[in-house]
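None of these values were measured; they are calculated from a predicted model. A note on names: the letters A, B, ... follow the listed sequences, proteins ahead of strands, and every chain is numbered from 1. Heavy atoms only: backbone and side chains are in, while hydrogens, waters and symmetry mates are out.
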Protein chains: 2
Amino acid sequence: MADSVVLDPVDLDILRLLQNDARTTYRDLAAQVGVAPSTCLDRVTRLRRSGVILGHQLRLDPARMGRGLEALLSVQVRPHRRELIGPFVERVRALPESRALFHLAGPDDYLVHVAVTGTADLQRLVIDEFTSRREVARVETRLIFQQWECGPLLPPSSTPVSTSASSPLSPSVSGG
Amino acid sequence: MADSVVLDPVDLDILRLLQNDARTTYRDLAAQVGVAPSTCLDRVTRLRRSGVILGHQLRLDPARMGRGLEALLSVQVRPHRRELIGPFVERVRALPESRALFHLAGPDDYLVHVAVTGTADLQRLVIDEFTSRREVARVETRLIFQQWECGPLLPPSSTPVSTSASSPLSPSVSGG
DNA sequence: ATTGAAAGTAACTAAAG
DNA sequence: CTTTAGTTACTTTCAAT
């Protein structure tokens, strides 16, 4: 569970480039990093096996998918016990409107990132899927004006890094 | 700016499959969708050109990158004027700890998703990069226990969809 | 717009430095 | 660990429908 991973400058360069465009070929990767293509293949294979690389994902434009409005829902689930929060998490993950779900420390137990058609859709979602539930004590809705991704994800220090970590991030992408 | 896009069942199948694994070959895609590989290539090319597909991204495990602690920072920027929020957004986006940034409607102006080494790193980040800034009126920090992605992103209704949308989502991934 | 087949590249394997 | 060479597989083009 706690795999020890060492990332050298070559790994970091590769990861940085692939975060910009995951379709970059090993040949292009090799040219920019300064090693042979087969070395790049080997590094990427190792990074996938070691769990540093979780997967390759398509980034879509929610607006062009017909979901032009996004919002964050802060949710209190009370009582906050396993019997209630387990099913709650699974139900929220299964909603087609859900993009991400966070279990938090603080007065608001969960934060749900949702993408909807418009305000009517959002209202329906909040009422029918959240506030109408007995275990949901409170929902606070905040609209998203604009959002930015802030990659690439890099190690804390600039020198080779050794990490021993059991990831709290669920590797599965699709709800199920 | 408001490109009209029509997604038929073939497009939706392709997008659904690629969201599970963006490395799926056109050959495999074709076999599962029931069209020729060249058709899949054509569809994907169109989806990229039309802006539905923003890019192919690598998903990494923050913990194995040496960032085992994640948090959400709610930030009030006052006064909330363009002269202040523009530079604020750019500075936050440029932080190596930032993973995502949201501009919100509500009492908290911004939500920042950060990944750090530990509590000491988080404390330093909050104090040195946020609360010490004159334009930052208030910061509220919530730790992330666990998080889930909830894909795949699909259109609101199950039948072919026509959308006319100018996206509020910034297409750029890397801070810059 | 979709197809099938041909041509061009890339991914991957294996053997050697 | 890296490189080079060679095999397999995929991507891409294109003429035809």
Side-chain angles (χ1 to χ4, degrees), chain A residues 3-61 64-66 155 158-164, chain B residues 3-60 64-66 154-155 158-164:
Chain A
D3 280 307
S4 194
V5 183
V6 177
L7 303 172
D8 73 7
V10 172
D11 292 319
L12 295 179
D13 278 352
I14 289 173
L15 290 174
R16 187 174 42 75
L17 289 166
L18 286 179
Q19 280 180 89
N20 286 338
D21 179 7
R23 296 197 319 167
T24 308
T25 64
Y26 294 117
R27 195 161 150 264
D28 290 350
L29 231 42
Q32 294 180 70
V33 174
V35 294
S38 54
T39 301
C40 284
L41 170 63
D42 186 58
R43 296 305 187 99
V44 172
T45 304
R46 286 167 185 274
L47 289 167
R48 299 189 107 243
R49 281 207 220 290
S50 67
V52 173
I53 296 175
L54 293 172
H56 296 243
Q57 208 176 18
L58 209 63
R59 293 197 323 117
L60 300 182
D61 185 339
R64 285 198 166 79
M65 293 290 284
S158 55
T159 44
V161 173
S162 173
T163 66
S164 181
Chain B
D3 279 309
S4 195
V5 182
V6 177
L7 303 173
D8 72 7
V10 172
D11 291 318
L12 295 180
D13 278 351
I14 289 172
L15 290 174
R16 186 173 43 75
L17 289 166
L18 286 178
Q19 280 180 88
N20 285 338
D21 180 7
R23 297 198 318 168
T24 308
T25 64
Y26 294 118
R27 199 160 152 263
D28 289 349
L29 233 43
Q32 294 180 70
V33 173
V35 295
S38 51
T39 303
C40 284
L41 171 63
D42 186 60
R43 295 303 189 102
V44 171
T45 305
R46 286 168 186 274
L47 288 168
R48 298 189 109 242
R49 279 208 222 288
S50 66
V52 174
I53 296 175
L54 294 172
H56 296 243
Q57 208 175 19
L58 210 62
R59 295 197 319 118
L60 301 183
R64 285 200 166 77
M65 294 289 285
L154 294 171
S158 55
T159 44
V161 174
S162 173
T163 66
S164 181

Checklist entry - What are the residues of residues 28-37 of chain B, sorted by number, that bring a heavy atom to within less than 4.0 Å of DNA chain C? => result B:V35, B:A36
Next on the checklist: D:dC1, OP1 or OP2 - any side-chain N/O from A:T39 closer than 4.0 Å?
Outcome noted: no
Rounding to a whole Å, what distance do you find between [X]:[atom1] and [N]:[atom2]?
X: A:D11; N: D:dC1; atom1: CG; atom2: C1'; value: 12 Å
X: A:R27; N: D:dT3; atom1: CZ; atom2: P; value: 15 Å
X: B:D42; N: C:dT3; atom1: CG; atom2: C1'; value: 11 Å
X: B:Y26; N: C:dA5; atom1: OH; atom2: P; value: 21 Å
X: A:L41; N: C:dT9; atom1: CG; atom2: C1'; value: 15 Å

Next on the checklist: Just verifying a value: how many Å separate B:D13 CG and B:L18 CG, rounded to the nearest 0.5 Å?
Outcome noted: 11.0 Å
Item to check | Interatomic spacing from CD1 in B:I14 to CG in B:L29 - rounded to 0.5 Å | outcome: 5.0 Å
For [X], report the nucleic acid contact type (base, sugar-phosphate, nothing); a contact means any heavy atom under 4.0 Å.
X: B:R46; result: sugar-phosphate
X: B:R43; result: sugar-phosphate
X: B:T25; result: sugar-phosphate

Checklist entry - Are the side chains of B:L58 and A:H56 in touch, meaning some heavy atoms are under 4.5 Å apart? => result yes
Next on the checklist: Is there a side-chain contact between B:R49 and B:T45 in this structure, where contact means two heavy atoms from C-beta onward sitting under 4.5 Å apart?
Outcome noted: yes
Closest non-hydrogen atom pair between [X] and [Y], with its separation:
X: A:V35; Y: A:A30; result: O-CB, 3.0 Å
X: B:T24; Y: B:D21; result: OG1-O, 2.7 Å
X: A:V52; Y: B:R64; result: N-CD, 3.9 Å

Checklist entry - Passes side-chain contact (heavy atoms from CB on, under 4.5 Å), A:I53 versus B:L60? Steps please. => result CA-CA 5 Å; A:I53 296 175; B:L60 301 183; 3.8 Å; yes
Checklist entry - Does B:R23 or B:V10 map to a spot on DNA chain C nearer the 5' end, using the closest nucleotide for each? => result B:V10
Item to check | Under 3.5 Å: donor-acceptor pair, side chain of B:D11, backbone of B:D8 | outcome: yes
Checklist entry - Of the candidate nucleotides D:dA9, C:dT3, D:dT3, which contains the atom at the shortest distance from the side chain of B:S38? => result C:dT3
Item to check | Estimated bend of the helix from C:dA1-D:dT17 to C:dG17-D:dC1 (axis per five terminal pairs, rounded to 10 degrees) | outcome: 30°
